[in-house]
**Q** 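Before I ask anything, here is the structure I am working with.
Quick note on labels: first sequence line is chain A, next is B, and so on, each numbered from 1.
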Protein chains: 2
Amino acid sequence: MLLDDRKRLILKAVVDDYIATSEPIGSKSIVKNHDINLSSATVRNIMADLEKGGYLIQPHTSAGRVPSDKGYRAYVDSLMDLPPLTEKKKAEIESSFDPNLIDIQPLLKRAVDILSETTGYTALAVAPYTPTTHLTQLKILMIEPGRALIVVVLSGGLVKNRLARVPDVLTLEQLMLIANLVEQNVAGTKLEDITFVTIETSVQGIELPESLLNQVLYEAYVSIKQAENLETYVGGITNLFRHQDFRDVGQTGAVANLLSKDGGMIIGYMNKEEDNQASLEAGEDLGSDDEVTDDVASEESASPVPIARVYPNYFMIRIGQEIAIEPLEDCSFVTTTCETKDRTLGHISVVGPKRMDYNNVISHIGFVRRTVHKHLAADEE
Amino acid sequence: MLLDDRKRLILKAVVDDYIATSEPIGSKSIVKNHDINLSSATVRNIMADLEKGGYLIQPHTSAGRVPSDKGYRAYVDSLMDLPPLTEKKKAEIESSFDPNLIDIQPLLKRAVDILSETTGYTALAVAPYTPTTHLTQLKILMIEPGRALIVVVLSGGLVKNRLARVPDVLTLEQLMLIANLVEQNVAGTKLEDITFVTIETSVQGIELPESLLNQVLYEAYVSIKQAENLETYVGGITNLFRHQDFRDVGQTGAVANLLSKDGGMIIGYMNKEEDNQASLEAGEDLGSDDEVTDDVASEESASPVPIARVYPNYFMIRIGQEIAIEPLEDCSFVTTTCETKDRTLGHISVVGPKRMDYNNVISHIGFVRRTVHKHLAADEE
DNA sequence: TTTAGCACTCGGAAGATAAGAGTGCTAATT
DNA sequence: AATTAGCACTCTTATCTTCCGAGTGCTAAA
């Protein structure tokens, strides 16, 4: 079923109003609030059609209508307004990033805090572990006798460090020597291919008692292995509880736990899937222009209701069932990807109820992405 | 008003039952559930007395009673059972700490996760910034040309690091030279006394263009200043919403925000105040025996209801109004301090409704404290 | 094709009623 | 003098009814 202009108009009105009020929308309230040149009876007919088409759902016979997942899909794909962020808002976001910040991890952390605060939803970010990630550096610093900081630098500039116990008798020079040898041997090796044996063989011939040496090597090994664990950042998790859609505290608590614990994995997984499906729901890639919102908003002036909107492929929206994780079927994800030319650095998502303010979320997340990119690339200008 | 044995018994029963059921407790239900050799009428009289004494509150005329802050205070100070954790539980907690973990920061992070999970409340931790904190080391590692990791080591072994932009043309050797000079000059200086000028004067006479040098020095300065920001860890914030006492989602959201944002500060503040007041509510220090629970539990066998319990001074309980922060007046804090002989390393708190299961919380937090200490001190054994 | 009109549906708010748990007081009991 | 049984009274909460109104689908007229 293709939607003609009138149906699109009505569908847009329903979704807009439902997002605003969270009450089922009836035909009368639509003609009242949208100065549409039709009678409520006509609107009623159109709405009945939209329901047959699967875009709307009637919670019970004598109630108004509510968008279905398909309805939301159509809305985000082609119906909604997408006004750019005001300059004031942009400045606000920009100014809440410390200009000295260039590390992807704190940047993502900041991003989720800002997004959750400005959108009022929950934000997640994760620096994805890619199978090609390899080690580039392994350094040791002595903090105090017996304690050393082991620094693992991964391809892509990801830095992880860990405080470890080392034998008291070893000097910084000895530790650095060991680290150097190990680094020379394993640098360039994919993380998952590094074993304790790999590390052990790096230091053959060194003049140290085996037990001491092994202690250090083991700590190095643990540090490297631990670098595989990608950190997930969550912001505004309690915002989940603010929305009427999540009245059931128990259910919402389950969602909160799921997101806190596995949020990173979920986003990572969704994005991997996305690669396979090649932007299934978004159609063709638009090219990599950096400004979603301004871009797409311009299309809108052509027609009262835009015909089709194509998001750049670093952008993804998943609605309800599309997420394919049962406890999240009342949620939507808006996800974007931070990347350099050849490497994915992180995914940022905003999670909210299906009736979230997509509008606002998309503009914000798009701009936050831009800002993060600016920080990452500042020295390349 | 001094409480005789019978009053104490009844008060204990009321608090126990109220904690268990969260319903106001009536005289009948007490005689039913506690095989007390009294009639409900007698109990009623006693309860009326307790109410006059300010230990109990009647929500409305024809309802049972609920403990007041004073009632809870008496309960935690002398009435409640304090059975030690089962060995199984202990083992469980111990095993959920990575044995290789020796860094206070990840340890605190782990601690709040475990505590929030096992108690079902919210946990907070903070590594307190003490005015005597000084810098002991400043190191630089080159991550890639133009990017360096600046490591700041503070007294007490706290390690902070930060990725910074540095001029591409500088070599690792040059950077390390700068760091060494700065370190030599500012090591031992209290953090708050370090200024940019202090740093600048450290490197006089070095053979480098001023603009390059200043860039590096500035980044070092920022890194040092940033080390002052003590990180706060929060676990199980959504548990707040699970308790009937926090029905009002708006109110609870406000509490959640407050804790997430300022939780560390609040705990830090409470503990500072505590020092001044010298354990006001807990009386004299018991000495620093490490096991609260077993310790205090043993007293109990003497009398059906213990007379007075004294917590060691690394232990603090704040109930309702005692917290003196308005939005938190329906909460209680149970806080403990991790410390070495001469230094406070962190505070850990569990926050819940006033009718939290103090029992369980105290045993858990006490044991978690012990476990953290064990990890911190493992090499001193 | 659109719209006015109408009978019908159903959820939710408002009010009424009943049940139950609790209280305080008094008088009897120990 | 302390304890307890008994009783009248209070007040919340759950349940049931009633009723309003927004919304619907259908039919017939414009």
**Q** Closest nucleotide of DNA chain D for B/A63 versus for B/N37: which of these residues is on the 5' side?
**A**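 Nearest nucleotide further toward 5': that of B/N37.
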**Q** Whole angstroms only, please: what is the CD1-P distance between A/I10 and D/dT24?
**A** 12 Å
**Q** Could you check whether any side-chain N or O of B/T122 sits under 3.5 Å from a backbone N or O of B/G236, counting only pairs where one atom can act as donor and the other as acceptor?
**A** yes
**Q** Should the pair A/Y121 and A/H243 be assigned to parallel (<30°), tilted (30 to 60°) or perpendicular (>60°) ring geometry?
**A**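 It falls in the parallel class, under 30°.
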**Q** Rounding to an integer number of Å, can you tell me how far B/D5 CG sits from D/dA2 C1'?
**A**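 Going from B/D5 (CG) to D/dA2 (C1'), I get 17 Å.
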**Q** Without decimals, in angstroms, what is the distance between B/M47 CE and C/dC25 P?
**A**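 These atoms are roughly 15 Å apart.
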**Q** Are the side chain of A/D4 and the backbone N or O of A/R6 linked by a donor-acceptor pair below 3.5 Å?
**A** yes
**Q** Rounded to the Å, how far apart are A/K52 NZ and D/dT24 C1'?
**A**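 To the nearest whole Å, that distance equals 13 Å.
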**Q** Measuring from atom CG of A/N360 to atom CD1 of A/I365, what distance do you get when rounded to the nearest 0.5 angstrom?
**A**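 Taking CG in A/N360 and CD1 in A/I365, the distance rounds to 11.5 Å.
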**Q** Report which part of the nucleic acid A/S27 touches: base, sugar-phosphate, or nothing (heavy-atom distance under 4.0 Å, all strands).
**A** sugar-phosphate
**Q** So which nucleotide from D/dA5, C/dA4, C/dG22 ends up closest to the side chain of A/A41?
**A**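 Closest of the options to the side chain of A/A41: C/dA4.
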**Q** For A/N45 and D/dG25, what is the distance between atoms CG and C1' respectively, to the nearest whole Å?
**A**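 Atom-to-atom, A/N45 to D/dG25, this comes out as 9 Å.
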**Q** With a 4.0 Å cutoff (strictly under), does any side-chain N or O of B/S62 reach OP1 or OP2 of D/dC9?
**A** no
**Q** Without decimals, in angstroms, what is the distance between B/I46 CD1 and D/dT3 C1'?
**A**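 Rounding to the nearest Å, CD1 of B/I46 and C1' of D/dT3 are 10 Å apart.
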**Q** Tell me whether the side-chain N/O atoms of A/T61 come closer than 4.0 Å to OP1 or OP2 in C/dC10.
**A** yes
**Q** Give the nucleotide from the list C/dG24, C/dG22, C/dC10 with an atom nearest to the side chain of B/S29.
**A**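 Selected nucleotide (nearest to the side chain): C/dG22.
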**Q** Distance check needed: D/dC9 C1' versus B/Q58 CD, whole Å only.
**A** 13 Å
**Q** Can we say A/K354 and A/E329 salt-bridge, meaning some charged N sits less than 4.0 Å from an Asp/Glu carboxylate O?
**A**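 No, this pair does not count.
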**Q** So, does B/R6 get its side chain near the phosphate of D/dA2, meaning an N or O under 4.0 Å from OP1 or OP2?
**A**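 B/R6 to D/dA2 OP1/OP2: no side-chain N or O under 4.0 Å.
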**Q** Between C/dG24 atom P and B/L56 atom CG, what is the distance in whole Å?
**A**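 In whole Å, C/dG24 P and B/L56 CG are 11 Å from each other.
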**Q** Select one nucleotide: of D/dG6, C/dT2, C/dG11, the one nearest the side-chain heavy atoms of B/R44.
**A**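 Selected nucleotide: D/dG6.
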